[in-house]
Undergrad: 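Here's a structure for you.
The first residue in the sequence is number 1, and the count goes up from there. Values reported hereafter were calculated over all heavy atoms of this structure, with side chains retained and with hydrogens, waters and symmetry mates removed.
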Amino acid sequence: MPTAILTGPPAAGTPSPLADDLRALGFQVADADTPAAVAARLAAAPAAERVAVVDRRFVGHRHALRLALTDPRFDAGAVPGALAVTPAARPALAQALAALTAPAEVPAAPQSTGGPGYAEGPRPYEPAAADSVPDTLADALAEHGTAPHRPELGVLVARVAHDEAERQAAEQAVAGVDEESVRLRSAVKSRDGFFTTHFISPYSRYIARWCARRGLTPNQVTTASLLVALIAAGCAATGTRAGFVAAGVLLLASFVLDCTDGQLARYSLQYSTLGAWLDATFDRAKEYAYYAGLALGAARGGDDVWALALGAMVLQTCRHVVDFAFNEANHDATANTSPTAALSDRLDGVGWTVWVRRMIVLPIGERWALIAVLTAVSTPRITFVVLLVGCALAACYTTAGRVLRSLTRRAVRTDRAAQALADLADSGPLARGTARLLAPFARRLPAFAPPALAAVGAGALAATAALAPRGSWWVVPLAVLYVLTSGLAVARPLRGALDWLVPAFFRAGEYGTVLALAAVSQVNGALPAAFGLVAAVAYHHYDTVYRIRGGTGAPPDNLVRAAGGHEGRALLVAVLSAALAGRSGLTAALTVLAAVLALLVLTESIRFWVSSGAPAVHDEPGEPA
């Protein structure tokens with residue numbers, strides 16, 4: 001159990017509820033009158049536990065203490081009068097206490113006339129009445145390498161009352177704020193989509209509070225959301241009108257739970273590494289499983305829409321890669337300004353344009369609402385066609401804006417950004433070997449060469465796969481060309497203005513080739529098998545994204561090599577489609593390849609996220625696409 005150490009002068013006036021608030025937050029409370037006693041208490045506390053130091057004169061809301069003392073995403077947190085550290089930051093706190101309690105030399109007193117001089121020895125630190133030991137320690141922590149997180153309190157109160165008048169004023173301020181209302185509002189993201197903000201969050205926050213009061217965790221709600229979505233996919237797979245209606249309703253219910261898990265995490269500060277991974281990956285699993293359910297349901301009615309389902313997954317995954325790569329490329333860029341960004345900021349100042357722009361990008365709330373309604377009232381084919389058109393328009397809008405920003409800014413991108421883009425590229429042994437051989441030539445190419453080479457190679461391969469006759473061997477030399485252009489594209493660090501497009505072009509090339517070859521083959525079951533193969537590879541790419549976002553780097557190099565890289569997989573599928581043209585063996589080969597890749601990447605991913613102790617990914621500022 002974590003320990004809260006109360007220190008400083010006793011509170012003036014009536015007995016303080018501070019100790020009860022700390023116990024309600026899960027702390028055991030101990031007293032220490034001096035910094036030296038605080039140091040002793042810190043040393044006595046179990047090494048694996050969080051420790052808080054709180055001024056006895058603290059007056060404020062319990063939620064202010066919760067934000068500072070219990071947030072697991074930060075090694076240290078502080079508000080006026082209170083400080084907490086995790087085991088990782090306890091050495092820094094011990095150093096700060098040691099510096100605070102070190103004896104100070106007292107200057108020699110002046111000699112009296114005709115008398116002997118004298119000098120006092122070192123005296124221990126004795127805080128003045130106005131000092132707050134937690135605040136002094138919080139300031140000192142930064143000097144020891146651990147700057148504490150200071151949460152934005154808004155109207156919440158957190159003060160140190162030095163006398164009775166200050167205490168009464170602080171208590172009046174506390175009484176004037178509805179703490180529970182603030183806590184509920186803060187559980188909702190400040191930047192969500194229109195549908196989520198106006199149709200889900202007004203009541204899902206209360207579901208989150210209900211879950212918190214019954215001891216449910218965000219991971220349990222996340223799992224429930226996945227199960228509901230899978231049931232929705234099963235209903236869609238029945239191919240009946242009643243099944244489609246039930247699927248649409250359940251998909252919306254799954255989205256409500258999807259919003260609830262994050263709101264529960266923010267309401268009760270139950271963040272975790274596992275929770276970050278589950279929330280990130282389950283969203284994609286739910287949506288793509290639902291696509292498969294719709295395709296199965298359509299097949300029951302005699303309509304084959306697997307190509308549309310796979311196209312929707314390819315387009316949506318490429319959109320996400322564009323988002324992630326652009327953000328990583330500009331994460332810590334310097335001189336990061338452009339006229340386009342300035343215009344965007346001005347538009348954000350006009351109320352109605354904010355919502356229009358958020359809706360245009362078709363984020364997850366709007367997209368799932370669209371899918372749910374169309375499933376209930378129309379056919380799977382109409383659902384996929386509308387979804388593809390909407391996502392394509394959204395992709396054009398967002399990508400065009402980002403291209404304009406990149407071309408009009410004079411940003412200097414860092415080695416970290418270049419490494420992140422190289423990791424997102426997912427180059428295998430063939431592309432890496434090519435890159436090493438062609439590195440001298442690549443250094444002489446113009447700045448726009450990497451995205452241009454990636455686009456040309458990916459476009460030529462996917463177009464040939466789509467237009468060549470079934471079983472054509474022409475796809476194989478184009479796959480070899482794709483290997484060469486891919487290696488040349490990553491042969492130098494990706495620091496160019498548009499180099500963030502390279503990973504997205506690679507995704508489009510690989511996924512589009514698999515889709516085209518499976519569709520052209522006209523082999524029974526080839527498209528569903530291709531859907532499974534792209535889903536397995538897409539999971540690997542999403543896993544890479546969330547590891548980078550969490551600051552833990554890309555998956556192990558041996559995993560990337562074993563998976564073959566995007567260029568190796570594209571070449572392999574091209575060879576298989578030519579060698580097994582028109583035969584059922586193509587379906588079996590794609591199925592086996594999908595199963596092997598899924599087993600490979602899932603095993604490593606689960607091992608990493610469950611056991612590595614990687615940091616939880618912080619909340620995104622807005623609703624993801």
Side-chain angles (χ1 to χ4, degrees), residues 21 24-26 60-73 77 79 151-158 174 176-229 232 249-272 274-276 278-280 282-283 286 351 354-355 358-359 363-369 372 616-625:
D21 286 341
L25 295 177
H61 290 100
R62 180 184 294 176
H63 192 52
L65 288 172
R66 179 183 289 108
L67 292 172
L69 307 185
T70 68
D71 194 328
R73 298 172 298 171
V79 291
E152 184 65 43
L153 296 180
V155 296
L156 295 176
V157 177
V174 169
V177 175
D178 185 346
E179 180 179 7
E180 183 60 22
S181 176
V182 172
R183 191 178 174 191
L184 280 172
R185 286 199 306 271
S186 63
V188 178
K189 285 182 179 179
S190 59
R191 285 178 55 85
D192 258 337
F194 180 86
F195 179 77
T196 303
T197 299
H198 295 285
F199 292 93
I200 304 297
S201 293
Y203 58 88
S204 61
R205 69 185 73 180
Y206 295 101
I207 300 176
R209 181 173 66 180
W210 182 90
C211 293
R213 291 178 175 176
R214 281 152 185 80
L216 297 177
T217 67
N219 292 351
Q220 291 171 331
V221 178
T222 301
T223 303
S225 176
L226 174 67
L227 293 176
V228 172
V249 172
L250 288 172
L251 184 63
L252 289 177
S254 174
F255 183 65
V256 171
L257 292 175
D258 183 56
C259 295
T260 300
D261 63 1
Q263 292 166 355
L264 174 59
R266 287 183 289 275
Y267 181 84
S268 57
L269 298 186
Q270 296 184 74
Y271 300 99
S272 68
L274 180 61
L278 292 177
D279 187 54
F282 279 13
D283 279 353
K286 288 181 286 189
V354 174
W355 293 118
R358 293 186 192 178
M359 294 173 68
I364 188 171
E366 276 75 0
R367 191 170 67 254
W368 283 27
V617 178
H618 292 202
D619 270 345
E620 294 301 303
E623 187 175 67

Undergrad: Are the side chain of Q263 and the backbone N or O of S201 linked by a donor-acceptor pair below 3.5 Å?
TA: no

Undergrad: Show the numbers, then the answer: is there a side chain to side chain contact (heavy atoms under 4.5 Å, CB included) between V256 and V228?
TA: CA-CA 10 Å; V256 171; V228 172; over 6 Å; no

Undergrad: Rounded at 0.5 Å granularity, tell me how far OH in Y267 sits from CZ in R209.
TA: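 Here the interatomic distance stands at 5.5 Å.
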
Undergrad: Indicate the atoms forming the closest heavy-atom contact of S268 with Q270, along with that distance.
TA: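 Taking S268 first and Q270 second, the nearest heavy atoms are OG-NE2, 2.6 Å.
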
Undergrad: What's the spacing between I207 CD1 and T260 OG1 if we round to 0.5 Å?
TA: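 The distance works out to 4.5 Å.
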
Undergrad: What are the two closest heavy atoms between E366 and F194, and how far apart are they?
TA: OE2-N, 3.0 Å

Undergrad: Between D192 and W355, which heavy-atom pair has the shortest distance, and what is it?
TA: O-CZ3, 3.6 Å

Undergrad: Where is the tightest heavy-atom contact between S186 and R266, given as atom of each residue plus distance?
TA: O-CD, 4.0 Å

Undergrad: Quick one: are D71 and P151 in side-chain contact, heavy atoms under 4.5 Å?
TA: no

Undergrad: State the CZ-CZ distance between R183 and R205, to the nearest 0.5 angstrom.
TA: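 If I round to the nearest 0.5 Å, the distance is 14.0 Å.
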
Undergrad: For the residue pair S204 and C259, what are the closest heavy atoms and their distance?
TA: OG-CB, 4.3 Å

Undergrad: Would you give the length of the straight line joining atom CG of D258 to atom CG of D283, rounded to the nearest 0.5 angstrom?
TA: 4.0 Å

Undergrad: Taking atom CZ of F282 and atom CG of D261, what is their separation to the nearest 0.5 Å?
TA: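 Going from CZ on F282 over to CG on D261, the span is 10.5 Å.
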
Undergrad: Go through the side-chain N and O atoms of S225 and S254 and say whether any donor and acceptor fall under 3.5 Å apart.
TA: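 Side chains of S225 and S254: pair found under 3.5 Å.
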
Undergrad: Can you check whether A158's main-chain N or O pairs, donor with acceptor, with H61's side chain at less than 3.5 Å?
TA: no

Undergrad: Give, for atom CG of L264 and atom CD of Q220, the distance between the pair rounded to the nearest 0.5 Å.
TA: 9.0 Å

Undergrad: By salt bridge (charged side-chain N to carboxylate O under 4.0 Å, His left out), which residues pair with R66, not counting sequence neighbours?
TA: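 Not a single residue meets the salt bridge (charged side-chain N to carboxylate O under 4.0 Å, His left out) criterion with R66.
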
Undergrad: Check L252 against A369 and note the closest heavy-atom contact, atom names and distance.
TA: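 Smallest interatomic distance, heavy atoms only, reads CD2-CA, 4.0 Å.
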
Undergrad: Does the plane of the ring in F199 sit parallel, tilted or perpendicular to the ring in F195? Use 30° and 60° as the thresholds.
TA: parallel

Undergrad: Considering only heavy atoms from C-beta outward, does the side chain of V79 approach that of L67 to under 4.5 Å?
TA: no

